[in-house]
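Here's the structure, in structure tokens; my notes come after.
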Amino acid sequence: MAEFKSKIRTIEWVDNYSKMVDQTKFPEHYEYVKITTGQQMFDAIKTMIVRGAPAIGIAGAHGVTLYAQEIFDKDLSLDDFKKELLEKSDYLVSSRPTAVNLYWAVEQQKEIIRNGHDINEIIEELKMNGKKIELDDIAINKKIGDYGAMVVPKGATILTHCNAGALATGGYGTALGVVRSAFANDPTIQVFADETRPRQQGARITTLELVMDGIPVTLITDGMCSYFMKKGMIDMVVVGADRIAANGDAANKIGTYTVAIAAKYHNIPFYVAAPLSTIDTSIESGDEIIIEERSHEEVTMINGKTICAEGVNVINPGFDVTPHELITGIITEKGILKPDYKVSIANAFKS
Ligand code: MRU
């Protein structure tokens, strides 16, 4: 299988800080920012300078290391150092509640803190583990991409929602990892990208990264997907996920559920591409997933301009949950999981 080389690197640990692409500036600017404190990392996750489930997992791991470096300067006892760092770690996780990867990565760092015997060694281990999560993520995404490419028909048009690409991960992407691997072997495939209101990750981020990597992409607004499905112009849907329950219900960016219903109606395969770290086996179904509520301004304004009547009621959930019955397969680094998901997910964690 041919390999696709992507130019995009989203977030990486450098010496004693975290370097990341500022995703709030897209598409006008492609700029890197240095995050040097734990609070800056909390704010970067919350304001979506860094976003996408695996990327905020990496950011969380880096954030714990940044807090550790700061607390080190206070010259505390080992126990007090650990206590304060564990509290700061929990605070970091509260920045965004839906994506389980943030919790998953910070939990790994907390384990290092709990088991540590020396402050300097703890900090070194936190750095190394952050780097490992970063590099593992890219390798996992390549596996997801290669498994997913096997179910992409020749010359397919793939619809995606939001951005589950290199810019949502350490690199390569999950849903867009499938696209990259498929494109490496069949340059006749193409992508339709939903705009993804209100934050427009599809328009601002998915189109940017696909254009940067030379993969053909057509931008459509969210309401257009069933129109193109009916016309026979969409062959499959591949999206990412923020948290997948033990029964296969999958939370992803708001609007994903609508796409899944439309795909089912038109008999179009609907795949979720995600690493096993996105699967939360502690919850039985998607009903238990906490959905982030975001600011009303994201809905009432576009580019700083109000687009609705003053004082109107607004609700802005950031994610929705696609029921497992609508999902054709979950593409992971261990292969493509198929229904019955309770069984296939449990088996994926055993092997
Ligand atoms: O609010 P965002 O931009 O962080 O939401 C991102 C998504 O919903 C992605 O599809 C998901 O995190 C998977 S990223 C591989």
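Whatever order the structure lists ligands and atoms in, that order sets their numbers, starting from 1. What you see is a predicted model, and the numbers here were worked out from it, not measured in a lab. Counting begins at 1 with the first residue of the sequence.
Short contacts between ligand 1 and T169, defined as distances under 4.0 Å to a heavy atom of the residue, involve ligand atoms 15 (C). Taking every heavy atom of F319 and a limit of under 4.0 angstrom, the matching atoms of ligand 1 come to 1 (O), 5 (O), 8 (O). With ligand atoms numbered from 1 in the order given, ligand 1 contributes 14 (S), 15 (C) to contacts under 4.0 Å with heavy atoms of P54. Against a heavy-atom cut-off of under 4.0 Å, Q201 is close to the following atoms of ligand 1: 1 (O), 2 (P), 3 (O). Listed by atom number, the atoms of ligand 1 under 4.0 Å from C162 heavy atoms are 5 (O), 6 (C), 7 (C), 8 (O).
A salt bridge links E134 and R9; the closest N-O separation between the charged side-chain nitrogens and carboxylate oxygens is under 4.0 Å. Comment: R294 engages E292 in a salt bridge, judged by a side-chain N to carboxylate O separation of less than 4.0 angstrom. Taking a cutoff of 4.0 Å between a charged side-chain nitrogen and a carboxylate oxygen, E209 and R204 do not qualify as a salt bridge. Between D79 and K82 no salt bridge is recorded (no basic side-chain N to carboxylate O distance below 4.0 Å). Between D280 and R243, at least one side-chain nitrogen of the basic residue sits less than 4.0 Å from a carboxylate oxygen of the acidic one, meeting the salt-bridge criterion. For the pair D320 and K253, the salt-bridge criterion is not met [side-chain N within less than 4.0 Å of a carboxylate O].
Looking at K253, R294, H161, R96, it is R96 that brings a heavy atom closest to atom 4 (O) of ligand 1.
Ligand 1 has no nitrogen or oxygen under 3.5 angstrom from a nitrogen or oxygen of M48. The shortest N or O to N or O distance between T174 and ligand 1 is not below 3.5 Å. At under 3.5 Å, a nitrogen or oxygen of A53, whether backbone or side chain, sits near a nitrogen or oxygen of ligand 1.
Ring orientation note: the planes of H324 and Y341 are nearly perpendicular, at an angle over 60° on the 30°/60° scale.
Taken from SG in C308 to NE2 in H296, the straight-line distance is 11.0 Å, to the nearest 0.5 Å.
Only backbone heavy atoms of A241 (N, CA, C or O) come within less than 4.0 Å of ligand 1; its side chain stays farther off. Contacts of A164 with ligand 1, taken as heavy-atom pairs under 4.0 Å, involve both backbone and side chain. Residue-level proximity to ligand 1 for I56 is absent, since no heavy atom of it falls below 4.0 angstrom.
Taken together through direct or relayed side-chain contacts under 4.5 Å among Ile, Leu, Val, Met, Phe, Trp and Tyr, V191 and F26 form parts of separate hydrophobic clusters.
Residues F81 and F72 place their aromatic rings such that the two centres sit no closer than 6.0 Å.
Here the heavy atom of the protein found nearest to atom 14 (S) of ligand 1 is A168 CB, 3.5 Å. Protein heavy atom at the shortest distance from atom 11 (C) of ligand 1 is D242 OD1, 3.2 Å. What sits closest to atom 10 (O) of ligand 1 on the protein, heavy atoms only, is N252 OD1, 2.6 Å.
Residue contact check for ligand 1: G318 places no non-hydrogen atom closer than 4.0 Å to it. Not a single heavy atom of N101 sits closer than 4.0 Å to an atom of ligand 1.
A donor-acceptor pair shorter than 3.5 Å cannot be found between the side chains of N141 and T174.
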